[in-house]
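Below is one structure, written out as structure tokens; comments come after it.
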Amino acid sequence: MKFWLMKSEPDVFSIEDLKEKKTTMWDGVRNYQARNFMMKDMEKGDQVLFYHSNSKPPGVAGVATISKKALPDVTAFDEKSEYFDPKSTTLKPRWFCVEVKYKKKFKNYVPLNDIKDKSSLSEMKVVQKGMRLSIQPVTKKEFDIICKMGGL
DNA sequence: GCCAACGTTGGC
DNA sequence: GCCAACGTTGGC
């Protein structure tokens, strides 16, 4: 089992939205590194830190699990979708997405600043300057520390 | 709203 | 295959 951090803008899709929907296809990812993580490394049952980006303050809002391994991202085929990509075809899909399932919203939201303050979390990608990758691997240790901070 | 740090695109 | 120009992310 592996551990991940996945970013979402709460204005677009928050952990509350996921709680309501129970599961969601993590579509719209148009970055090869993030895609490769989903396509090659993510497995059903992997654990996810659900991160709120572009919010005040940014931080980890809760946990989720991967409930379905990567499938072609159908929004890339849809001309009306903002994620439409003519270079991705049903025969040769370019983009993939996993299904993410709600697990738990943190009792205590874990702001990015608190993560930055912890020396045990200084290796996390999310605290590195200029780190924009929307899907990042985390270690079990980091995952556990964040969960503890979140009151889980 | 600013802008640094990236990623992508396309001309050559 | 280089790299300048452009677009995007996301913290501040």
Side-chain angles (χ1 to χ4, degrees), chain A residues 2-21 24-42 46-66 70-100 102-139 141-143 145-152:
Chain A
K2 296 194 222 45
F3 300 86
W4 307 94
L5 178 145
M6 295 173 89
K7 296 181 186 173
S8 183
E9 301 191 26
D11 290 348
V12 180
F13 193 82
S14 72
I15 190 136
E16 291 293 340
D17 296 326
L18 182 60
K19 185 177 182 180
E20 221 164 278
K21 274 188 71 182
T24 193
M25 293 311 289
W26 207 263
D27 54 22
V29 172
R30 296 294 178 265
N31 171 285
Y32 288 105
Q33 251 186 296
R35 179 204 68 175
N36 290 344
F37 281 137
M38 287 198 284
M39 233 169 67
K40 299 179 176 159
D41 300 316
M42 279 188 176
D46 283 1
Q47 303 288 111
V48 176
L49 296 171
F50 195 104
Y51 181 89
H52 280 178
S53 63
N54 250 319
S55 70
K56 2 111 216 114
V60 179
V63 291
T65 58
I66 302 302
L71 298 167
D73 182 345
V74 295
T75 64
F77 310 141
D78 179 3
E79 274 182 65
K80 293 188 207 77
S81 168
E82 58 173 317
Y83 301 125
F84 175 63
D85 182 355
K87 295 190 190 114
S88 186
T89 65
T90 47
L91 280 180
K92 260 195 128 184
R94 170 176 295 204
W95 303 111
F96 287 76
C97 55
V98 293
E99 186 186 75
V100 173
Y102 175 80
K103 190 168 175 193
K104 196 81 187 161
K105 184 185 168 180
F106 281 163
K107 224 177 298 166
N108 317 309
Y109 183 75
V110 181
L112 178 60
N113 267 330
D114 289 7
I115 298 175
K116 285 182 172 167
D117 285 343
K118 269 210 175 304
S119 57
S120 54
L121 298 176
S122 62
E123 298 289 306
M124 282 188 78
K125 295 204 174 19
V126 75
V127 303
Q128 313 297 323
K129 198 179 166 195
M131 182 31 106
R132 310 186 312 185
L133 196 56
S134 64
I135 297 176
Q136 311 171 356
V138 303
T139 67
K141 201 182 84 186
E142 291 161 350
F143 184 89
I145 293 170
I146 300 264
C147 285
K148 204 172 188 182
M149 291 165 81
L152 218 74

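Every chain is numbered from 1, with letters handed out A, B, ... down the list of sequences. Values below: every heavy atom of this structure, side chains too, minus hydrogens, waters and symmetry copies.
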Quiz item: Which part of the nucleic acid does A:K116 contact within heavy-atom distance under 4.0 Å: base, sugar-phosphate only, or nothing?
Solution: sugar-phosphate
Rounded interatomic separation in angstrom, taking [atom1] from [X] and [atom2] from [N]:
{"X": "A:L133", "N": "C:dG11", "atom1": "CG", "atom2": "P", "answer": "13 Å"}
{"X": "A:N31", "N": "B:dC6", "atom1": "CG", "atom2": "P", "answer": "13 Å"}
{"X": "A:I135", "N": "C:dG10", "atom1": "CD1", "atom2": "P", "answer": "11 Å"}
{"X": "A:Q128", "N": "C:dG10", "atom1": "CD", "atom2": "C1'", "answer": "15 Å"}
{"X": "A:H52", "N": "C:dG11", "atom1": "NE2", "atom2": "P", "answer": "12 Å"}
{"X": "A:D11", "N": "C:dG10", "atom1": "CG", "atom2": "P", "answer": "13 Å"}
{"X": "A:E82", "N": "C:dG7", "atom1": "CD", "atom2": "C1'", "answer": "15 Å"}
{"X": "A:M6", "N": "C:dG10", "atom1": "CE", "atom2": "P", "answer": "13 Å"}

Quiz prompt | Nearest heavy atoms of A:K21 and A:F13, plus distance in Å | solution = CD-CE1, 3.9 Å
Exercise. Search all heavy atoms of A:M131 against all heavy atoms of A:K7 and return the closest pair with its distance.
Key: O-NZ, 3.3 Å
Practice problem: Give a yes-or-no answer on whether the side chains of A:R132 and A:S53 include a donor-acceptor pair shorter than 3.5 Å. | Solution: no
Practice problem: Kindly state which residues belonging to residues 32-40 of chain A come within less than 4.0 angstrom of DNA chain B, counting heavy atoms of the residue only, listed by number. | Solution: A:Y32, A:Q33
Practice problem: Assess whether side chain to side chain contact (heavy atoms under 4.5 Å, CB included) is satisfied between A:I15 and A:Y102, documenting all intermediate values. | Solution: CA-CA 8 Å; A:I15 190 136; A:Y102 175 80; 4.0 Å; yes
Quiz item: Counting N and O atoms only, with roles assigned by atom type, does the side chain of A:D73 sit under 3.5 Å from a partner on the main chain of A:D27, one being a donor and the other an acceptor?
Solution: no
Distance-only donor-acceptor pairs under 3.5 Å for side chains of residues 111-126 of chain A, two or more places apart:
| residue | atom | partner | partner atom | Å |
| --- | --- | --- | --- | --- |
| A:S122 | OG | A:S119 | O | 3.0 |

Self-check item: Side chain of A:K129 - closest among B:dA5, C:dG10, C:dC12
Solution: B:dA5
Self-check item: Which nucleotide in B:dT9, C:dG10, C:dC12 has an atom nearest any side-chain atom of A:L112
Solution: C:dC12
Practice problem: Assess the pair A:Y32 and A:W95: is the distance between their ring centroids shorter than 6.0 Å? | Solution: yes
Quiz prompt | Nearest-nucleotide comparison on DNA chain B, the residue closer to the 5′ end among A:R94 and A:R132 | solution = A:R132
Quiz item: For A:N54 and A:G130, take the nucleotide of DNA chain B holding the closest heavy atom to each; which residue's nucleotide lies nearer the 5' end?
Solution: A:N54
Exercise. Considering just the side-chain nitrogens and oxygens of A:K7, establish if one lies under 4.0 Å of OP1 or OP2 belonging to C:dG10.
Key: yes
